[in-house]
Amino acid sequence: MADNIGDRFQKETKYDPERMGRHSLDRENRPDQFKKYRSPAAVVSLPRVDPAKYRASLFEVLLKRRSRRSYDTDAMLSMDDLAFLLWSTQGVTGRYGDTLFRTSPSAGALYPIETYLMVRRVESLEPGIYHFRVDNFDLELLRKGDYSGELAMAALSQSMIARSMVTFIWTAVIQRSRWKYGQRAYRYIYLDAGHICQNLYLGAEAIDYGCCAIGAFFDDMVNSIIGVDGTEETTLYMASIGMPRKR
Ligand SMILES: Cc1cc2nc3c(=O)[nH]c(=O)nc-3n(C[C@H](O)[C@H](O)[C@H](O)COP(=O)(O)O)c2cc1C
């Protein structure tokens with residue numbers, strides 16, 4: 001078998017009882033758990049999620065879930081539903097010390113994944129690129145404007161993004177996980193992102209919106225749209241949300 005990067009990655013990030021060694025955590029140099037922008041253009045609070053409004057059966061949601069790519073271009077997402085979708089992916093549901101447990105699991109409860117939104121049509125939100133703050137449950141506006149065309153182009157011209165009401169973009173702040181797990185962190189960040197995306201699929205299906213995972217994109221084009229360096233923080237995954245078009 002050729003010694004390519006994929007095979008080497010699998011091999012060199014394996015846990016092996018012969019090579020485990022002892023590991024102690026450098027607690028003084030633990031990276032920040034939360035990302036905050038110094039001067040966002042605006043900060044928008046999200047409405048509290050009312051559990052009484054969201055009562056879909058888990059069985060029905062699992063049964064119905066599909067990747068949906070055909071959306072009504074003019075539909076508008078309410079802030080309540082956007083808040084529910086964000087909560088489904090990364091809502092805080094518990095606390096232990098300064099660790100905020102979430103709706104999605106995370107290796108070592110280190111939560112390396114950050115969420116950005118490309119907002120196209122959401123009630124009372126200007127179109128733009130936003131960063132979601134898990135701890136405050138709010139959105140920081142990073143860049144105003146309709147980036148749907150540019151993001152669709154960056155995703156190999158997948159037109160569902162241009163018709164989405166919002167597209168989720170997930171990055172990893174790698175050091176948050178590498179601090180504990182070293183090179184094995186590169187496995188865990190993708191697993192974390194997969195859990196989060198599945199929660200978005202289920203949340204969207206529960207309120208009859210269409211969701212589609214997006215793994216095909218030009219990495220550095222997306223990194224540049226949201227303003228991350230592609231090394232210490234890099235885009236892993238995206239998902240579009242739209243109103244399914246009636247046939
Ligand atoms: C890691 C991953 C990446 C994906 N990337 C894309 C993508 O870039 N574009 C797309 O249209 N669908 C993408 N999908 C959705 C798959 O095509 C879809 O899950 C698959 O066809 C099964 O269909 P279902 O989700 O409706 O059950 C992706 C799914 C996963 C899990």
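Order of appearance sets the numbers: ligands from 1, and atoms from 1 within every ligand. Fair warning: this is a prediction, and the values are worked out from it, not measured in the lab.
Note that the CG atom of Asp192 and the SG atom of Cys197 stand 13.0 Å from one another [nearest 0.5 Å].
Under a 4.0 Å criterion applied to the non-hydrogen atoms of Arg65, ligand 1 contributes the atoms 24 (P), 25 (O), 27 (O). Atoms of ligand 1 lying under 4.0 Å from at least one heavy atom of Gln158, given by number and element, are 7 (C), 8 (O), 9 (N), 10 (C), 11 (O). Which parts of ligand 1 touch Gly215 is read off a 4.0 Å heavy-atom cut-off, strictly below it: atoms 3 (C), 4 (C), 5 (N), 6 (C), 7 (C), 8 (O). Close approach of ligand 1 to Ile214 (heavy-atom distance below 4.0 Å) involves ligand atoms 5 (N), 6 (C), 7 (C), 8 (O).
Distance check for atom 20 (C) of ligand 1: every protein heavy atom is found at 4.0 Å or beyond. Note that atom 4 (C) of ligand 1 has protein non-hydrogen atoms nearby, at separations under 4.0 angstrom.
The environment of OH in Tyr96 is sparse: at most 12 heavy-atom neighbours from other residues, nucleotides or ligands sit within 6.0 Å. Other residues, nucleotides and ligands contribute at most 12 non-hydrogen atoms within 6.0 Å of the CE atom of Met153.
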(request) Could you please spell out the steps behind the salt bridge (Lys or Arg N to Asp or Glu O under 4.0 Å) verdict for Lys36 and Glu140? (result) CA-CA 8 Å; Lys36 282 191 173 42; Glu140 297 174 302; over 6 Å; no
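For a threshold of 3.5 Å applied to N or O pairs, the pair formed by Cys212 and ligand 1 contains no separation below that value.
The protein non-hydrogen atom at the shortest distance from atom 14 (N) of ligand 1 is Ala213 O, 3.4 Å. In terms of protein heavy atoms, atom 17 (O) of ligand 1 is closest to Arg69 NH2, 3.1 Å.
Comparing Ala216, Ser67, Ser240 against atom 18 (C) of ligand 1, the shortest heavy-atom distance belongs to Ser67.
Taking the side chain as every heavy atom from C-beta outward, Arg8 and Thr13 never approach each other to under 4.5 Å.
Between Glu205 and Arg66, none of the side-chain N atoms (NZ, or NE/NH1/NH2) sits under 4.0 Å from a carboxylate O, so this pair counts as no salt bridge. Checked for salt-bridge contact, Arg245 and Asp72 miss the test: no charged N lies under 4.0 Å from a carboxylate O. Taking the charged nitrogens against the carboxylate oxygens, Asp80 and Lys53 do have a contact shorter than 4.0 Å, which makes a salt bridge.
Clustering ILVMFWY residues whenever any of their side-chain heavy atoms sit less than 4.5 angstrom apart, transitively, puts Val222 in the very cluster that holds Tyr116.
Taking a 4.0 Å cut-off on heavy atoms, Met238 fails to register as neighbouring ligand 1. Contact annotation: Arg68 has no heavy atom less than 4.0 Å from any atom of ligand 1.
With a 4.0 Å heavy-atom cut-off, ligand 1 is reached by the side chain of Tyr237 but not by its N, CA, C or O.
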